[in-house]
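Within every chain, numbering begins at 1; the chains are lettered A, B, ... in the order of the sequence lines, protein sequences first and strands thereafter.
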There are 2 protein chains.
Amino acid sequence: MKGNREKLEENALNAVQVGGLKSISFRTMAEEIGIKSSSVHYHFPDKSDLARTLIERYSEEFFRALKDISNKRWKLRSKIKAFIEIFESVAEANKLCLCGMLAAEVEQLDQSNRALLSEYFIDTEKWIVQLLNEHPDEIISDISPTALARSLLSGLEGALLLDRVVGDRQRLKAQKELYMSYFS
Amino acid sequence: MKGNREKLEENALNAVQVGGLKSISFRTMAEEIGIKSSSVHYHFPDKSDLARTLIERYSEEFFRALKDISNKRWKLRSKIKAFIEIFESVAEANKLCLCGMLAAEVEQLDQSNRALLSEYFIDTEKWIVQLLNEHPDEIISDISPTALARSLLSGLEGALLLDRVVGDRQRLKAQKELYMSYFS
DNA sequence: TAATACCTATCTATTGATAGAGATTTCGTA
DNA sequence: TACGAAATCTCTATCAATAGATAGGTATTA
């Protein structure tokens, strides 16, 4: 069975992806699983600690998924498609990427959490660049892999943000259309 | 000289673009210009009213700038460049687009403000589509104007978000490079 | 006098955080 | 195996700070 710490993490991760770090409180977290707020502080001394835990947990899972994609024996376009589909599954839950959401709240984060956020974006871009470099002959473009990686990631983060407000998936779809046209 | 209402709006707009709607309070707004929080409520009955004012103010100014671009006798690529440069000037101030920031906080907004946000994004996309349709011969791409407009806007919003965290302008630069390659 | 714009004073709710006391479980050692 | 200490987890109770919001009074100006 699932421990309370595990439940707290899962609920908080979801809630932050929906409403941001400022939208949750130790009390609401506690009430959702039927304990007291002081018990939540036992697991997460303060909000900074909670944020760190969530970023690390989210990043771990995310990069594990990226590794799974890299390891496949697929064409580049299939790998990029699988990458984009990670974001589509986030959109289906009416959420943002955790790090995209926290990026909006970056002014409320301490330096160490800002560094973790930055790392998440940089490492994701690096992963894309490496992917592109492994399939140089499947790229139909003069744009540098780095620029392609950077615009792809920020494009997907932005699409999540806007689609949720507009209430459709048109921007993610557009990004998919646009970036798939770069690969044979 | 500037009235207090004007000062409040300007300060709040800036503060929200930096830290989000939940980062400001009626008290902090009041203190910044040396009045009491109850006086702020005189101008803005509640936070929803304040948010509406800010979105309307920001949208007005933004679409005025877009109109100025449309009216120029420029090539398409110059107009797109000018459009992207609006976002660059936002990035220089270490801010987000107001509507991009509020998009992250959309769960905390009421229906009417959500509608205003959605309108901002949709209308901006429409403006880009119209621009593209006015210069069909200057587009080097098979991608539909609509998809191009949607991915450009969400790409720029995402770039603002990520660049601020990473602490450079590389994603905006990448978006610029990528999208400029679509126009002759 | 009526509208505008600000004030004092106050309320209720929520928040992050802490101290210190139980309860339960784990585990090394007699 | 039994015992006691230590670790783990939760509780009650309570702070101080911050928040949005309102009632009713005051000053200034049209």
Side-chain angles (χ1 to χ4, degrees), chain A residues 1-55 57 98 101-102 104-114 116, chain B residues 1-55 57 101-102 104-114:
Chain A
M1 83 225 214
K2 235 174 277 184
N4 279 343
R5 175 169 178 116
E6 182 66 13
K7 287 189 205 164
L8 286 169
E9 280 185 25
E10 279 177 13
N11 288 348
L13 180 57
N14 190 72
V16 172
Q17 285 186 255
V18 170
L21 196 63
K22 298 200 88 173
S23 79
I24 63 168
S25 72
F26 285 89
R27 277 173 181 77
T28 59
M29 286 177 65
E31 280 160 12
E32 270 172 41
I33 66 166
I35 62 175
K36 295 295 170 181
S37 74
S38 52
S39 305
V40 180
H41 280 283
Y42 170 77
H43 296 288
F44 311 101
D46 51 42
K47 265 205 158 181
S48 163
D49 192 89
L50 174 63
R52 183 183 48 71
T53 303
L54 295 182
I55 299 170
R57 182 197 173 105
L98 176 82
M101 177 61 86
L102 293 182
E105 295 178 297
V106 71
E107 289 283 320
Q108 280 85 53
L109 299 179
D110 57 29
Q111 283 305 326
S112 72
N113 280 325
R114 291 182 193 191
L116 288 178
Chain B
M1 85 219 217
K2 233 173 278 185
N4 278 344
R5 172 165 181 120
E6 181 66 11
K7 286 189 206 164
L8 286 169
E9 279 185 25
E10 279 177 12
N11 288 348
L13 179 56
N14 190 71
V16 172
Q17 284 186 256
V18 170
L21 195 63
K22 298 201 89 175
S23 80
I24 64 168
S25 72
F26 284 90
R27 277 174 180 78
T28 60
M29 285 176 66
E31 280 160 13
E32 271 172 41
I33 66 166
I35 62 175
K36 295 296 169 180
S37 74
S38 52
S39 305
V40 180
H41 281 283
Y42 170 78
H43 296 288
F44 311 101
D46 52 40
K47 265 205 157 180
S48 164
D49 192 89
L50 174 63
R52 183 184 48 72
T53 303
L54 296 182
I55 298 170
R57 182 196 174 105
M101 178 61 86
L102 293 181
E105 294 179 297
V106 71
E107 290 282 321
Q108 280 85 53
L109 300 179
D110 58 29
Q111 283 305 326
S112 72
N113 280 325
R114 290 183 194 191

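As a whole-Å value, the separation of A:H41 NE2 from D:dA13 P is 18 Å. One atom, CD1 of A:I24, and another, P of C:dA17, lie 12 Å apart when rounded to the nearest Å. Between the C1' atom of C:dT15 and the NZ atom of A:K36 lies a distance of 16 Å, rounded to the nearest Å. The interatomic distance linking B:M29 (CE) with D:dA21 (P) rounds to 12 Å, in whole Å. Across the protein-nucleic acid pair, B:D46 atom CG and D:dG20 atom P stand 11 Å apart, rounded to whole Å. Between A:I35 atom CD1 and D:dA13 atom P there is a gap of 18 Å when expressed in whole angstrom units. At whole-Å resolution of the value, CZ in A:F44 and C1' in C:dT18 are 18 Å apart. Whole-Å rounding puts the A:E6 CD to D:dT8 P distance at 18 Å.
A salt bridge does not link B:E105 to B:K22: none of the charged side-chain nitrogens sits closer than 4.0 Å to a carboxylate oxygen. Using a cut-off of 4.0 Å between Lys/Arg side-chain N and Asp/Glu carboxylate O, B:R27 and B:E31 are scored as not salt-bridged.
Residue B:K47 places at least one side-chain N or O under 4.0 Å from the OP1 or OP2 atom of D:dG20. Remark: B:Y42 is not in phosphate contact with C:dC6, judged by side-chain N or O atoms under 4.0 Å from OP1 or OP2. A sub-4.0 Å separation between OP1 or OP2 of D:dT10 and a side-chain N or O of A:H43 is present. Distances shown here put every side-chain N or O of A:S39 at or beyond 4.0 Å from the OP1 or OP2 atom of D:dC9. Proximity of A:N4 to the phosphate of D:dC9: no side-chain N or O atom is located under 4.0 Å from OP1 or OP2.
In this structure the side chain of B:N113 reaches within 4.5 angstrom of the side chain of B:S48, judged on heavy atoms. No side-chain heavy atom of A:F44 sits less than 4.5 Å from a side-chain heavy atom of A:R52.
Under the rule for a side chain to side chain donor-acceptor pair (under 3.5 Å), the partners of A:S112 that lie at least two apart in sequence or sit in another chain are A:D110.
The base of D:dT12 sits with one of its N or O atoms less than 3.5 Å from a complementary donor or acceptor on the side chain of A:S38.
Each of B:L8 and B:R27 was assigned the nucleotide of DNA chain C with the nearest heavy atom; the assignment lying further toward the 5' end belongs to B:L8.
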